[in-house]
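Okay, handing you the structure first.
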Protein chains: 2
Amino acid sequence: MVDESGRDEDAYEAVFSALAHPARRRVLLTIYFNGGSMAAGEIAAVFSHAWQTTTRHLQILEAAGLLSSARDGRMRIYHLERKRLDLVRDWLAHFSITPDPAKETP
Amino acid sequence: MVDESGRDEDAYEAVFSALAHPARRRVLLTIYFNGGSMAAGEIAAVFSHAWQTTTRHLQILEAAGLLSSARDGRMRIYHLERKRLDLVRDWLAHFSITPDPAKETP
DNA sequence: TCAATATTCAGCGTACATGCTGAATATAGT
DNA sequence: ACTATATTCAGCATGTACGCTGAATATTGA
């Protein structure tokens, strides 16, 4: 079961919180421009933070469902979970549909 | 000049942080379903929080550019700023374009 | 001007986020 | 088994977020 449920409020909270930090947005973009997958060490190398700090950012992103990971030998490969980003994009798309015009400011 | 600049990192941070809190997402949806505009008191009435707490959420949303406000007599009308939501939606849309396939995991 | 209504400001306590450092774990290669 | 490599865990200091309460401000109507 990959993730059939996860469309609750908590998911939104986790994802938006994860995206709130510049370093984490940059992690996502970095992985994206690398083709969608990247080793933890490679990602950490991009930042001036201590690598342990990046590790935690990766864990937060994974907990939010924005990344998934798998060991490959002695390194861990993270890769982007587009579906989760789509969840948020769809939430935002709500607001692009013109709302009920019957209730304009009275 | 409505908002020609505001496409920097800080804008993303403010908007994603603002969206990270369930109460603030609910504020946006509430205003949206009310037709796009709503008085502060009306909004506060929706929540079980102390109204001062909601005030602060409204300020955070306004600081993030997701709401704008104007006095109308003795009440303050907040209304939704769709453009700001679009800013974020566009950021997320990046990831829906298939990235450079030349760099697949080697 | 006075009282009522609508909203905001200021300050407090608790909890969590984020950076760090040092120690621990797991795998690969000799 | 031993060492180097790659990553994670644990704990600490600082700062900020979020709820609250009490006081302040602004506008309306008598």
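Throughout, a chain's letter reflects where its sequence line sits, starting with A, and its residues are numbered from 1.
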Q: Not counting sequence neighbours, which residues clear side chain to side chain contact (heavy atoms under 4.5 Å, CB included) with B:Ala64? List them please.
A: B:Ala14, B:Val15, B:Ala18, B:Leu66

Q) How is B:Phe47 classified with respect to the nucleic acid when contacts are heavy atoms under 4.0 Å: base, sugar-phosphate, or nothing? A)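 No contact.
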
Q) Does any residue of residues 16-30 of chain B have a heavy atom under 4.0 Å from DNA chain D, and if so, which ones, in number order? A) B:His21, B:Arg24

Which pairs would a plain distance check flag for residues 70-78 of chain B, meaning a side-chain donor or acceptor within less than 3.5 Å of a matching protein atom at least two apart in sequence or in another chain?
from: B:Arg76; atom 1: NH1; to: B:Ser69; atom 2: OG; distance (Å): 2.8

Q. Less than 4.5 Å apart, any side-chain heavy atom of B:Phe95 and any of A:Arg89?
A. no

Q: Name all residues meeting the side chain to side chain donor-acceptor pair (under 3.5 Å) criterion together with B:Ser68; count only those two or more places apart in sequence or in a different chain, and write none if there are none.
A: B:His79, B:Glu81

Q) Is the closest side-chain heavy-atom distance between A:Trp91 and B:Leu29 below 4.5 Å? A)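 Sidechains of B:Leu29 and A:Trp91: in contact.
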
Protein-nucleotides 2-6 of chain D N/O pairs closer than 3.5 Å?
from: D:dT5; atom 1: O4'; to: A:Arg74; atom 2: NH1; distance (Å): 3.2
from: D:dA6; atom 1: O4'; to: A:Arg74; atom 2: O; distance (Å): 3.4

Q) If you measure from CE on A:Met38 to CZ on A:Phe33, what distance do you get to the nearest 0.5 Å? A) 12.0 Å

Q | Ionic contact status for A:Lys83 with A:Asp86, cut-off 4.0 Å | A |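 No salt bridge links A:Asp86 with A:Lys83.
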
Q: Locate the shortest heavy-atom distance separating A:Ala20 from A:Arg25; write the atom from each residue and the value.
A: O-NH1, 3.2 Å

Show every donor-acceptor pair shorter than 3.5 Å between a side-chain atom in residues 41-61 of chain A and any protein atom, with sequence neighbours excluded, or say none if there are none.
from: A:Glu42; atom 1: OE1; to: A:Ala39; atom 2: N; distance (Å): 3.2
from: A:Thr55; atom 1: OG1; to: A:Trp51; atom 2: O; distance (Å): 3.3
from: A:His57; atom 1: ND1; to: A:Arg24; atom 2: NH1; distance (Å): 3.2

Q: Identify, with sequence neighbours excluded, every residue that meets side chain to side chain contact (heavy atoms under 4.5 Å, CB included) alongside A:Asp10.
A: A:Asp8

Q: Using the heavy-atom set of chain A and a strict 4.0 Å cut-off, write down the first and last nucleotide of DNA chain C that makes it in, 5' to 3'.
A: C:dT18 to C:dG29

Q.
Using a strict heavy-atom distance below 4.0 Å, which residues from residues 48-61 of chain B are in contact with DNA chain D?
A. B:His49, B:Ala50, B:Gln52, B:Thr53, B:Arg56, B:His57, B:Ile60

Q | Pair A:Leu92-B:Leu19, side-chain contact (heavy atoms from CB on, under 4.5 Å): steps then yes or no | A | CA-CA 10 Å; A:Leu92 291 162; B:Leu19 292 172; 4.1 Å; yes

Q. Looking only at heavy atoms, which two atoms of A:Gly65 and A:Arg84 are closest? And how far apart?
A. O-CB, 3.3 Å

